[in-house]
Visitor: 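Supplied in structure tokens, the structure appears directly below.
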There are 2 protein chains.
Amino acid sequence: MDGRKQRVLELLVEDYVNTGEPVGSRTLSRKYQLGVSPATIRNEMADLEVEGYLEHPHTSSGRVPSDKGYRYYVDQLLERPGLDRSLIQWIQDSYRARVRELTWFMHQTAKLVSDITAYPTLVIAPRVSDARLMELSLVPMRPGLAVLVLRMDSGLIESQTIAVPTELLGSDLAAMAAELSRGLHGVAVRDLENAIWRRLKGDLMRHRQFWEEMVQRLIEVADDEERVAVSGTRNMLNYPEFRDVDRLARVLGFFEKEAEIDRLVSGRSPVGIEVMIGAELPSLDIQDCSVVTAAYRVGRKVVGRVLVLGPRRMHYGRVIAVLETVSEELSRALEWA
Amino acid sequence: MDGRKQRVLELLVEDYVNTGEPVGSRTLSRKYQLGVSPATIRNEMADLEVEGYLEHPHTSSGRVPSDKGYRYYVDQLLERPGLDRSLIQWIQDSYRARVRELTWFMHQTAKLVSDITAYPTLVIAPRVSDARLMELSLVPMRPGLAVLVLRMDSGLIESQTIAVPTELLGSDLAAMAAELSRGLHGVAVRDLENAIWRRLKGDLMRHRQFWEEMVQRLIEVADDEERVAVSGTRNMLNYPEFRDVDRLARVLGFFEKEAEIDRLVSGRSPVGIEVMIGAELPSLDIQDCSVVTAAYRVGRKVVGRVLVLGPRRMHYGRVIAVLETVSEELSRALEWA
DNA sequence: AATTAGCACTCTGAGAAGACGAGTGCTAAT
DNA sequence: ATTAGCACTCGTCTTCTCAGAGTGCTAATT
């Protein structure tokens, strides 16, 4: 593809991203000084259409980029804008001096990114059955209630209130938990259910039913944490292409289908930024959208992804830049969470 | 208002609730055997309109209930339907055998109610600055990190990961926390900041900066918990009167404005079910909606409200019945959470 | 060979006109 | 007090026309 054709494609994509209106040859030549007449641009556009980079909504309207056109733009033409100093500061401040739990970070991040980009944002924490248990404690509260605290090898810490047999004293409870903790140290979450049998002896055996139930809860806590944080879905209303209520309903429906969301992130490359455009997306509900995702880590391990969803005419450059910074800062914040 | 007029109003409201179409005299007389001709009903309807119970979208269309009409219907005519045995079972099962934290219950409830009623649902936990601290522990995790666990007099238990000075050993930490816990027992959250000064002595004084910071976090945890759980906003798309995108946007915007939501619940009667219709609502964003709310308790204390929002032509009877059961079951589940 | 001007052609979207139908309000009869 | 009859109103749906934007093609120009 020669230089001028690239330039035409680039300008067309950018104009369409900004206006949402199909772009005609005259608009293109007048708005940006291309130094050639509309007729020339028309020819280039006809070529680009034949090659599949552009589409015609109908015979007598301007052109619109196709999935292939966006893809070429993102892969070849896009230049990443730098972010404002003040914006970077804002992002860093959002995480600073806070040590909280994963779910807090997830919500915070979803809100932050959707506020900055004005696109709906999801933050996903995939199931981590291969995480290993490092430590387990039971903190007695009033009789019959305790707080279960877990630390995983990924560095995640989670806690939950659970019921305990009322006849157990606080000190007994703590001691038994400590014994169990030693026994289960380093066991993968998915193996906990089997491993527990071999560890239940002595004092522990006397409240066997309770401990069995507790392990169920433990697995739940470690494995089945709240999976998705969503924010800014309302932004979808800003885009004229989604003022059609049925189309809108389909997209909003997508946000409530965990299975679809899972399908979107499973099998993604483990690190870095990835862009999916229109029909490249596995979910039918959002075929007329695009998605930009970024992985985030706890320690060295990728634990989840941040996911920005928008119309196909998305500000790819800016979204990518924001996600790079945010996923970096988020990972840094989680490193010692 | 005589019996027949009431009957006309009742049927009109119910028909409009079901169909969403303005109701004409003929429809009313044909659909429900009223034993009188359309002309008679027309006269009744004209009277009801003069008295302000009905409205005319335009001269040649059926009538629609006004706020006053709905209000009369809810206060005087509404009969509460019983709930299916199986539905009650479902609600109870949703809470059974789970002891979790408040936020989990909030999300669970929002989802449950929006699934049952097909209306957007909010669950609100008001700030509880007047709660008192019962117990505080610090569970050491790896060096530099611990889990802060709080128990409040309302029975709520909350926990959070926090950073601690790396030079403090786990056992010291626990001991110091225990001392602090004794000192702060029974102090109201809003007084914690002042109370802490008098308690910081001896060993505690040596890490004064840490403890000050910790109290800040403690107040945050106890007081500034996630405030609102929302579910089912997408249901709003099912109602033809909200297929207008701008109207829809205003309602969806409401869900993201905590201040507006606060205004809605503050000053409500502390217990029981309350219905607010159209212009009775303090928030401009939702003047064409209605809201049904129910209080829920932890122990004997009202700690929050469940809030169902829908178009003014809402199935009031059913929503009220569902909220009665749900708020009851939720309070029971929280009693020993 | 590449570019451009000119022009006929296509298609959409807005607006006007008209038919239709649901529902009313009034009058007069029961 | 109730009801039948009927003229009238007004919103909605359909059809039609028309302007405008934009194209594709051809022939002229560089």
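In this text, all values refer to a predicted model and were calculated from it rather than measured experimentally. So you know, we letter chains A, B, ... as the sequences are listed, proteins then strands, and number each from 1.
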Visitor: Inspect the contact between A:Arg243 and B:Asp244 and indicate whether a charged nitrogen and a carboxylate oxygen are less than 4.0 angstrom apart.
Guide: no
Visitor: Show the atom names and distances, to 0.1 Å, of all donor-acceptor pairs under 3.5 Å that link a side chain in residues 80-87 of chain A to residues at least two apart or in another chain.
Guide:
from, atom 1, to, atom 2, distance (Å)
A:Arg80, NH1, A:Glu324, OE2, 2.8

Visitor: Quickly work out the B:Asp15 CG to C:dG23 P distance and round it to whole Å.
Guide: 10 Å
Visitor: By salt bridge (charged side-chain N to carboxylate O under 4.0 Å, His left out), which residues pair with B:Arg318, not counting sequence neighbours?
Guide: none
Visitor: Measure from CD1 on A:Ile41 to P on C:dT4 and round the result to the nearest Å.
Guide: 9 Å
Visitor: Could you give the CG-to-P distance, from A:Leu34 to C:dT3, as a whole number of Å?
Guide: 12 Å
Visitor: Report the residue (B:Val36 or B:Pro57) whose heavy-atom-nearest nucleotide on DNA chain D is the more 5′ of the two.
Guide: B:Val36
Visitor: Tell me the salt bridge (charged side-chain N to carboxylate O under 4.0 Å, His left out) pairs involving residues 14-24 of chain A, sequence neighbours left out?
Guide: A:Asp15-A:Lys31
Visitor: Specify the separation, in whole Å, of atom CZ of A:Arg4 and atom C1' of C:dT3.
Guide: 8 Å
Visitor: Determine, for nucleotides 12-28 of chain D in 5'-to-3' order, which nucleotides have protein heavy atoms under 4.0 Å from the base (write B), from only the sugar-phosphate (write S), or from neither (write -).
Guide: ---------BSBB----
Visitor: Could you list the residues that satisfy side chain to side chain contact (heavy atoms under 4.5 Å, CB included) with B:Asp67, not counting sequence neighbours?
Guide: B:Ile277, B:Ala279, B:Arg312
Visitor: If the condition is salt bridge (charged side-chain N to carboxylate O under 4.0 Å, His left out), which residues does B:Arg26 pass it with, not counting sequence neighbours?
Guide: none
Visitor: Hunt down any stem DNA chain C takes part in, defined as 3 or more consecutive Watson-Crick or G-U pairs whose two distances are each under 3.5 Å.
Guide: C:1-30 with D:1-30
Visitor: Quick one: B:Glu21 CD to C:dG21 C1', roughly how many Å, whole number?
Guide: 14 Å
Visitor: Quick one: ring pair (Phe, Tyr, Trp, His ring centres under 6.0 Å) pairs with a partner in residues 244-268 of chain B, sequence neighbours left out?
Guide: none
Visitor: What pairs with B:Tyr72 under ring-ring contact (aromatic ring centres under 6.0 Å, His included), at least two apart in sequence or on another chain?
Guide: B:Tyr53
Visitor: Could you tell me how far apart A:Leu28 (CG) and C:dT4 (P) are, to the nearest whole angstrom?
Guide: 14 Å
